Each structure stands twice: as structure tokens, then as C-alpha cells.
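Comments concern the structure below.
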Amino acid sequence: MSYVNGGRRGDAATRWIRGALAVVYLALAVSDFLILAGSARTVMTVLDSVTALLMGIAAMSRRPGRRGEYLAFLPIIDSVAQVAVTGSLQYSTTLMLTLLGVGAAVTSRRIFAASALTGVGGWALTVGLEEHLRGPETAYYSVQVAFAAMLGALMHEALRRRQRALKRAHEKVTTVAERFERLFNASPAGVAIADGTGRVVAANPAFCELAGRPEDEVLGADVAPFLTEGEQQMVRPDGSVRWAYTTVATSEAGGRPWTLLQMQDVTDRHLAEQEARDSHRLLAAVAAAARRIRTGEDARATIIAAIRDLAAADNVTLLEASADPGGRTPHGPAREVVVTDADGADVIGTRVPLNGTSMIARVWAGGEPIFLADPASDPRVSAALLKMVDGRSMLWQPVIVDGAVTAVLAVGWRRRVETVSDYRTRAVALLADETALALEHERLLRRLERMAFTDTLTALPNRRAWQEAMDRMVAEAGRTGEPLTVAIADLDHFKRYNDTYGHAAGDELLQRAAAAFVAGMRDEDFLARWGGEEFMFALPATATDDAVTVLDRMRAAMPDAQTCSIGVATWDTRESIAQLLQRADDALYTAKHDGRDRVHASVRALRTFRSPAA
């Protein structure tokens with residue numbers, strides 16, 4: 001196995017190169033046997049054969065390991081020996097070709113450099129010791145050997161760089177594939193993929209559940225029965241019936257046709273529509289709300305207007321959990337609700353606490369609808385609320401998402417209503433479900449927006465969030481004249497940690513390091529994961545010395561006796577953000593070069609902190 005910067009390089013390519021060298025030296029053994037004479041023929045034939053044999057064994061090995069790269073010395077020594085044994089400078093050509101081959105076959109800079117120096121030095125020593133080799137052609141071959149060594153070094157470095165680029169591309173493709181697989185399996189909609197023969201090659205759990213068959217029966221099955229677009233009835237093997245809304249898309253990839261099938265379980269909605277089929281207005285209202293939800297529009301106003309119409313009410317109010325000033329909904333139990341939309345009453349923005357005995361608080365806690373023909377006689381109903389909506393009769397309908405109440409619909413009549421008919425109850429309940437879908441859709445969109453700015457492993461802000469934050473903080477620093485310091489922290493020897501303990505342990509170390517950094521931050525500081533094992537700090541209103549003190553405390557808080565190096569730079573009010581980050585990166589490089597486990601400030605900083613033990 002060959003490595004580049006701790007990562008794997010393609011074994012097949014490495015084995016091929018070693019095999020090619022084995023064939024070359026086998027041919028050389030035959031050539032020397034036929035051309036040379038005497039002891040030179042014997043020595044070179046044996047040496048060539050041994051080199052070809054060992055290179056062949058290395059080429060056939062499935063796991064050659066880094067130690068296999070030491071075989072590079074064999075053809076080098078063989079090539080030098082050929083010049084020494086034959087006493088002919090013409091055989092220097094073999095050494096030149098060998099230097100090029102070793103440059104392509106060896107991935108370790110140290111081993112390549114040692115073998116190349118061995119070859120060039122051995123050749124020079126041979127020429128120096130053998131007087132008859134020193135002649136008019138010596139200078140010519142000296143230049144050629146040196147040129148071959150240089151070209152081999154350039155080829156070696158080019159291959160290493162290419163391999164690193166391929167490795168990064170492979171990791172990116174792997175990450176995308178893993179994310180797609182997670183999304184594919186977690187999708188609530190049934191998704192299946194069929195090949196050009198019409199056979200299912202992939203199906204997620206939701207599709208198998210909808211089809212009523214285990215995955216091993218779905219895979220390989222004919223996709224034709226599922227290809228009816230739109231709403232279709234599905235009779236499952238156990239006799240149960242489900243209704244699904246199907247969309248079909250076809251494409252071509254790799255020169256082969258593929259079919260993507262998406263099926264949304266709409267059984268509950270279909271049954272509800274069947275039960276309400278006699279009510280044309282209800283069906284039209286549900287369809288209108290569903291269209292707005294599917295197109296991403298705010299469906300609140302449409303749903304509230306439909307409820308008011310279908311229930312023959314005078315006003316309808318939607319109350320949702322109150323958001324904080326930053327626009328975030330509470331993570332724990334809601335403390336109050338606020339009117340977010342209304343039709344027939346001017347009450348938007350009205351807040352109602354949930355810690356009392358009000359009717360809204362009761363419906364929120366119990367999750368059951370309540371109708372009162374005479375709410376004025378019930379002490380749990382707010383007289384002020386009744387006055388605002390001029391309500392003589394009231395219905396409170398909870399909006400439930402995943403078993404939890406997320407909103408309350410308050411329906412009011414300015415006349416007394418003795419009872420709510422089944423039709424009105426179904427209308428309000430059904431449109432409350434549509435409200436739940438609309439609110440859940442909006443919540444998911446907000447969650448996706450948050451995910452776009454959050455690193456999934458550490459839950460820290462990601463690079464995109466960092467860039468937006470930096471634009472804001474640089475503008476603020478320019479306006480106030482206060483210093484702004486940034487820092488780049490890089491975990492020392494992280495690749496070695498991964499290789500020793502595994503990637504799962506490496507991920508855990510990143511999470512614990514992030515937690516340690518967060519614990520040491522001040523309220524005004526900003527921390528983001530830049531990528532890999534790098535973290536970015538922004539310390540507003542903080543000069544270099546103070547920033548180094550804060551960051552050195554964070555460096556010392558690294559978990560599991562691990563260390564990190566930190567580069568620091570303070571904005572000079574003229575440079576761009578990219579230039580500022582480059583200075584911090586240069587400072588990080590210096591910290592690494594000086595021994596790691598330290599905080600190093602840019603040249604404009606006043607001092608460098610380091611660990612006493614470093």
C-alpha cells in the first residue's frame with residue numbers, strides 16, 4: 001500500500017508500475033546475458049534477475065505497504081553496478097531511465113530522494129574511481145544523469161500533487177454520496193429508482209412501507225405497476241388499500257436510462273376528501289390551501305378565510321408560539337402565543353400567556369377542541385378577548401404537528417350558535433390539518449436555512465456563516481474604530497490521531513475541541529468550523545495582546561492531552577478580509593513550524609504564547 005500525506009494511493013497503479021519495472025529488468029537480464037561476457041555477464045544477469053524477481057513479487061502483493069517502496073534502491077543499485085561492472089558509460093542510460101521509473105513508482109519524498117542520491121552519488125563515485133571512465137563523454141553523461149534525476153523529481157512531485165487532488169475529489173464525492181443516502185433513506189416520501197430494464201434497483205423504507213413489501217421483495221421487481229402518474233390506488237399483499245400521489249421522472253446517466261419514482265402517501269387525505277365529497281366548497285378550500293403550501297407561499301390567510309367561509313363564522317384568529325426577538329421559536333414549552341393572522345378581527349400581534357387558566361391555554365395543553373355556545377358565562381374565557389372579536393359563541397381548534405400543539409385556531413360568531421354541526425366541525429378540523437401542514441412546511445424551510453449555515457458535525461457555524469459574520473464585523477469595526485482580531489486554530493497531528501484511533505474517534509475529538517473552545521469564548525466572540533481540523537475565531541473589540549491571552553487559554557483547554565496551533569492577526573483597517581485571513585494563516589504556519597502547541601501572532605502583533613512543555 002502506498003501513501004500520500006497519510007492517505008491511500010491507488011494500489012493498482014502502484015503495482016502496475018512495479019510490474020513494469022520487473023519486466024524491464026527481466027528484459028535487461030536477458031540482454032546482459034546475450035551481450036556481455038565473462039564475469040560481467042554473470043554478475044549483471046544475476047543482479048538483473050534478482051531485481052526483476054523482487055519487483056515482480058512486490059507487484060503481485062495486494063498490500064505492499066510503505067516498506068515495499070524501499071525496493072526502489074534495487075534498480076538504482078543495479079543500474080550503478082552495470083556501469084561499474086561493464087566499465088562503459090553508455091550504460092548510464094539505464095540509470096537515467098531507472099530514475100524516471102522510481103520517480104513514478106515511489107510516493108515517499110524521503111525514499112525517492114535517498115534512492116536518487118544513491119544513484120547519482122554511486123554513479124559519480126564509480127566514474128571517479130574508474131580512471132578509464134573519465135573521458136570526453138563524462139561531462140555529457142553527468143549532465144544527462146543530473147537531468148534525469150531532476151526530471152524524476154518533477155515527475156514524483158507532479159504525481160503526488162495529482163494524487164492529493166484525486167483524494168480530495170474522492171472524499172468530496174463520498175461525502176455527497178453519504179448525504180444523499182441519508183436523505184434518501186430518511187425521506188418521508190416513497191422513492192424508488194429503476195434501471196433501463198424496468199427493474200427496481202433501489203427503494204427507501206417509505207416506498208417499501210407504502211408497497212407493503214420488504215425491501216428484498218421490492219428490489220428486482222417490475223416498476224411498471226407503479227408508473228401511473230398522479231393519484232393511484234395501491235392494493236397491498238395483505239389486502240389493505242393505500243392511496244399514493246406518484247410522480248415519474250426519467251433521465252440518462254452513464255449512457256443508460258433511469259427512472260425516478262416518487263410516491264407520497266395521501267391515504268388519509270383521500271379518505272377525508274371522500275367523506276367531505278358532498279361539500280364542494282370544503283373540497284375547493286382544501287385544494288386552494290394545498291396549492292399554496294406546495295408552491296411555498298404563506299397559506300395562513302387562505303386557510304383562515306376558508307374556515308370563516310365554511311364555518312359561516314364572523315372572525316377567525318390564528319395564534320402561534322411567540323418567537324424571541326431574533327425570530328427563533330422556543331426550544332422548550334411555549335410560554336405565550338401571539339396572533340399571527342386573523343380574518344374579521346383587528347387582533348394581529350395580540351399576546352396571550354399560557355401559564356394561566358385561559359381557554360387558549362387549556363386547548364394548548366390538552367390538544368382537544370372546545371366549543372362554547374355562551375363563552376361570556378365561562379370565567380376561563382378572557383372578557384377582553386371576547387370584546388375584541390365581538391364573540392357570542394366560540395370554537396377553539398388546536399393545530400397539531402407530530403402529536404404536539406403548535407397553534408390554535410379561534411373561530412368566533414357574533415351571534416349565538418347553539419351547536420356546531422358535523423359539517424362545520426369537519427371543515428375546521430380538516431383545515432386545521434392543512435394549517436399544520438403549512439406551519440410544518442414553513443418550519444422545515446427555516447430548518448433548512450439554519451442547516452445551510454451550520455456545520456453538521458460540531459453544530460458550529462460553518463464557512464458560509466463565517467463569511468457573512470466577517471462582513472458584518474469588519475463593517476462594524478470600520479464604523480466604531482475598535483480593533484478586530486481573527487485567528488485560525490489547527491489541531492496538531494490530527495491525521496496521525498485519525499490513523500491511530502479511527503475516524504470516529506477523530507470526529508469525537510473535533511466535537512470535544514469545539515465544545516472546549518465554545519466554553520472558553522466570551523459572549524461577543526464568534527467561532528466557526530472552517531473545514532477539516534481548522535477552526536476560525538473572530539474577537540471583536542479585542543487588540544492583539546488580549547486576543548492572544550484569550551486564545552492561549554483555549555489552546556490549553558484542548559481535550560485528551562491533544563494540542564493545537566493558533567495563528568492570530570488583527571485587522572489594520574485597510575486590508576481586505578482575504579488579506580487579513582492570509583496573515584492569520586501565515587501566523588498559523590509559523591506556529592506549526594516553530595514546534596506546534598502555541599499561539600503565534602502576525603508580525604504586527606506584540607508577542608507569541610507557547611506551551612511551557614512545548
Side-chain angles (χ1 to χ4, degrees), residues 1-21 58-59 61-72 100-116 151-183 253-254 455-458 462-464 488-511 513-514 528-536 562 564-565 581-582 585 588-589 592-593 596:
M1 188 72 66
S2 299
Y3 292 81
V4 176
N5 287 348
R8 293 173 178 266
R9 175 179 169 177
D11 286 340
T14 303
R15 292 199 303 270
W16 186 91
I17 295 173
R18 293 176 182 176
L21 287 174
S61 174
R62 289 289 182 182
R63 299 179 64 83
R66 180 179 285 275
R67 286 178 295 182
E69 297 196 347
Y70 286 102
L71 291 173
L100 295 178
V102 169
V106 174
T107 61
S108 168
R109 282 198 185 100
R110 181 173 58 83
I111 295 176
F112 170 74
S115 62
L151 191 58
L154 292 175
M155 181 183 297
H156 172 77
E157 187 61 27
L159 289 174
R160 282 175 58 88
R161 290 176 180 271
R162 177 61 176 169
Q163 200 60 44
R164 283 197 296 268
L166 289 175
K167 177 177 178 290
R168 288 193 295 267
H170 174 73
E171 290 174 347
K172 185 175 181 179
V173 170
T174 301
T175 300
V176 172
E178 290 174 351
R179 290 177 179 173
F180 173 78
E181 183 177 1
R182 287 196 296 269
L183 290 172
D455 175 60
T456 55
L457 177 64
T458 61
N462 60 13
R463 181 179 295 209
R464 181 177 178 184
I488 305 176
D490 185 273
L491 273 59
D492 296 329
H493 305 298
F494 183 71
K495 288 186 174 62
R496 186 172 67 189
Y497 188 93
N498 265 345
D499 292 341
T500 303
Y501 301 105
H503 289 285
D507 288 347
E508 183 179 355
L509 176 61
L510 289 173
Q511 292 170 334
R529 184 185 178 196
W530 189 248
E533 63 271 27
E534 285 190 338
F535 296 86
M536 306 291 288
Q562 299 302 307
C564 72
S565 302
L581 295 182
Q582 183 60 53
D585 192 57
L588 172 63
Y589 177 83
K592 291 281 188 181
H593 183 269
R596 298 183 171 86

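Numbering of residues begins at 1 and proceeds along the displayed sequence. The shown structure was predicted, so the numbers you read here are calculated from the model rather than taken from an experiment.
In terms of heavy atoms, Leu510 sits closest to Thr458 at O-CG2, 4.0 Å. Across every non-hydrogen atom of Phe535 and Ala514, the tightest pair is CE2-CB, 4.0 Å.
Rounding to the nearest 0.5 Å gives a distance of 10.0 Å between NZ of Lys167 and OG1 of Thr174. Atom CG of Leu588 sits about 10.0 Å away from atom CZ of Arg596, to the nearest 0.5 Å. The structure places CG of Leu457 at 10.5 Å from CD of Glu508, a figure rounded to the nearest 0.5 Å. Distance check: Arg529 CZ to Arg463 CZ gives 10.5 Å after rounding to the nearest 0.5 Å. Distance check: Asn498 CG to Leu491 CG gives 10.0 Å after rounding to the nearest 0.5 Å. In this structure, CD1 on Ile488 lies 4.5 Å from CG on Asp585, to the nearest 0.5 angstrom.
Using modelled atom types and a 3.5 Å distance limit, the side chains of Ser565 and Asp490 yield no donor-acceptor pair.
Residues passing the side chain to side chain donor-acceptor pair (under 3.5 Å) test with Ser115, sequence neighbours excluded: none.
Checked by atom type and distance alone, the side chain of Gln562 never pairs as donor or acceptor with a backbone atom of Asp492 at under 3.5 Å.
Taking 4.5 Å as the limit, some side-chain heavy atom of Leu166 sits within range of a side-chain heavy atom of Arg162. Tyr497 has its side chain within reach of Leu509: a pair of non-hydrogen atoms, C-beta onward, lies under 4.5 Å apart.
Note: His593 and Tyr589 have parallel aromatic rings, judged against thresholds of 30 and 60 degrees for the angle between ring planes.
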